[in-house]
Number of protein chains: 2
Amino acid sequence: MNAAEIREFRDACSAAGIAVTHQRQVVWQALRSMHGHPSPEEIYERVRPRIPAISLATVYKNIHLFIESGMFREVSLHHGSMRVETNPEPHHHLVCRVCKSIRDIDAETLGVAGKPRRLPDGFLAERYAIDILGLCAKCQKSM
Amino acid sequence: MNAAEIREFRDACSAAGIAVTHQRQVVWQALRSMHGHPSPEEIYERVRPRIPAISLATVYKNIHLFIESGMFREVSLHHGSMRVETNPEPHHHLVCRVCKSIRDIDAETLGVAGKPRRLPDGFLAERYAIDILGLCAKCQKSM
DNA sequence: CTATTAAACGATAATAATTATCGTTTGTCA
DNA sequence: TGACAAACGATAATTATTATCGTTTAATAG
C-alpha cells in the first residue's frame, strides 16, 4: 500500500471516528484490491495470508463499520432473510436506509421505464427491479 | 376462499405440475391475503390459526415451489449472504435468475438514469439501485 | 372405487451466516 | 507515559434455512 492510500485510509477513519488499527487497514486494502461482490468469507480468506491470526468476527465488524461510515456499500440492502412479494402489480421499491422499511411504488408513478438500448455479453433482460434508496419521512424527522 | 380463487389455485398447481394439498392451498391463500413483503415466519404465523399442526418446513417448501413456478416472486434475488460492493463507479447489476451471478453494468451504458418526478409520502431519494433480472449468456445456452 | 406409488407432510437434526460475549490487547489523547 | 475506551481473538449463541426420514396423502390406472 502506498503513502497516498495510507493517508486516504487514515483520513476516512478519522472522519468516521474509528481507530486506525492494523487489521482494519488490511481489510480495507483487501476490499480495495478485490473486484466484484465478495462475501465476508472471501474477504477473510484474502486477509488471512497477511494476518494469519485474524478472526472472522473482526472481518465482519470492520465491514459493518466501513458500510456504516459510507466507505463501502452493500450489494443488497435487504439480504437478511427471504421476503415474498405479494403485490402482483408492476412496481418498484422505496427502501429506507435507516429503518430498512420497504414501500412499493408503482412503475407508472416512478416513470423510469425506458428499456436499455443493448445489454453487454448477450445478457437477456426479463425485468427490472429498481430500489430507490434514501430516507423515509419518519427517519428524516428523527435526524 | 371463493370458487374462482380455488379454481385459479388448482389451475396454477396443475400448470406447475404440483399436487393440490390442503396445506399448499392455505399457504397460497395466506400470501394472497397479505400485503407488503412478508417473511416465511410471518406467513407461517398467518397460516397456523387455520392449520395448527403445519410445519415451518412445509411453509418454506411451498414458498419455494410458488417462486419456482412463477406464482409469486422474491423481493431480492440475492439475499443469501452479505456482499460488499467493490466497484466505486456508479453502476447497476445484471442478475442471472438461474446461476445468480451478478455482473456490473455502468449507469451510462444502461441509459435509464431519469430522476422520478416526485416521490410519495415525503420519501427522500438518495440513489437508485437497479437490478436487471434475466438470463446470462451461459444459462441461455444450457436451456 | 380401490390399490399403487410418488409427492407431500411433520418433526427435528443439521448447516450456514451472522452476531454476541468476554477476557485480553492496543490505539488515542490528555 | 498512563488511563481508558475501542478493538481484538476465541468461541458460544442465535437466526435463517435446508436436509433427512418415517408417515400420510393425492393422483391416477385399472
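Here is how names work: the chains are called A, B, and so on, in the same order as the sequence lines, proteins then strands, and each is numbered from 1.
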Heavy-atom check, side chain of A:Arg97 versus side chain of A:Leu135, under 4.5 Å: yes
A:Asp131 side-chain N/O to A:Leu133 backbone N/O, donor-acceptor pair under 3.5 Å: no
Close side-chain approach of B:Met71 to B:Trp28, heavy-atom, < 4.5 Å: yes
Reported CG-to-OG1 distance for the pair B:Leu31 and A:Thr86, which is rounded to 0.5 angstrom: 7.5 Å
Contact check, side chains of B:Ile54 and B:Val27, non-hydrogen atoms, under 4.5 Å: yes
Candidate list A:Leu94, A:Val95, A:Ile132, test side chain to side chain contact (heavy atoms under 4.5 Å, CB included), partner A:Arg103, passing option: A:Leu94
Any residue meeting side chain to side chain donor-acceptor pair (under 3.5 Å) with A:Glu8, in chain and number order, not counting sequence neighbours: A:Arg32
Same cluster (ILVMFWY, side-chain, under 4.5 Å), B:Val84 and A:Ile18: no
So which protein N/O to nucleotides 26-30 of chain C N/O distances come out below 3.5 Å?
residue: C:dT28; atom: OP1; partner: A:Val20; partner atom: N; Å: 3.0

B:Phe9 and B:Cys13, any side-chain heavy atoms less than 4.5 Å apart: yes
Beyond-backbone contact of A:Glu74 with A:Ile63, side-chain heavy atoms, under 4.5 angstrom: no
Covered region of DNA chain D, 5' end to 3' end, by chain A [heavy atoms, under 4.0 Å]: D:dA7 to D:dT17
Bend angle of the helix from C:dC1-D:dG30 to C:dA30-D:dT1, from helix axes over five pairs at each end, nearest 10°: 40°
B:Ile54 CD1 to C:dA8 P, straight-line distance once rounded to whole Å: 14 Å
Close residues, residues 57-69 of chain A, relative to DNA chain D [heavy-atom separation under 4.0 Å]: A:Ala57, A:Thr58, A:Lys61, A:Asn62
Toward the 5' end of DNA chain C, by each residue's nearest nucleotide, B:Met82 or B:Ser55: B:Ser55
Earlier contact from the 5' end, DNA chain C, for A:Pro40 and B:Ile51: B:Ile51
Can you pull every protein N or O that's under 3.5 Å from an N or O on nucleotides 14-16 of chain C?
none

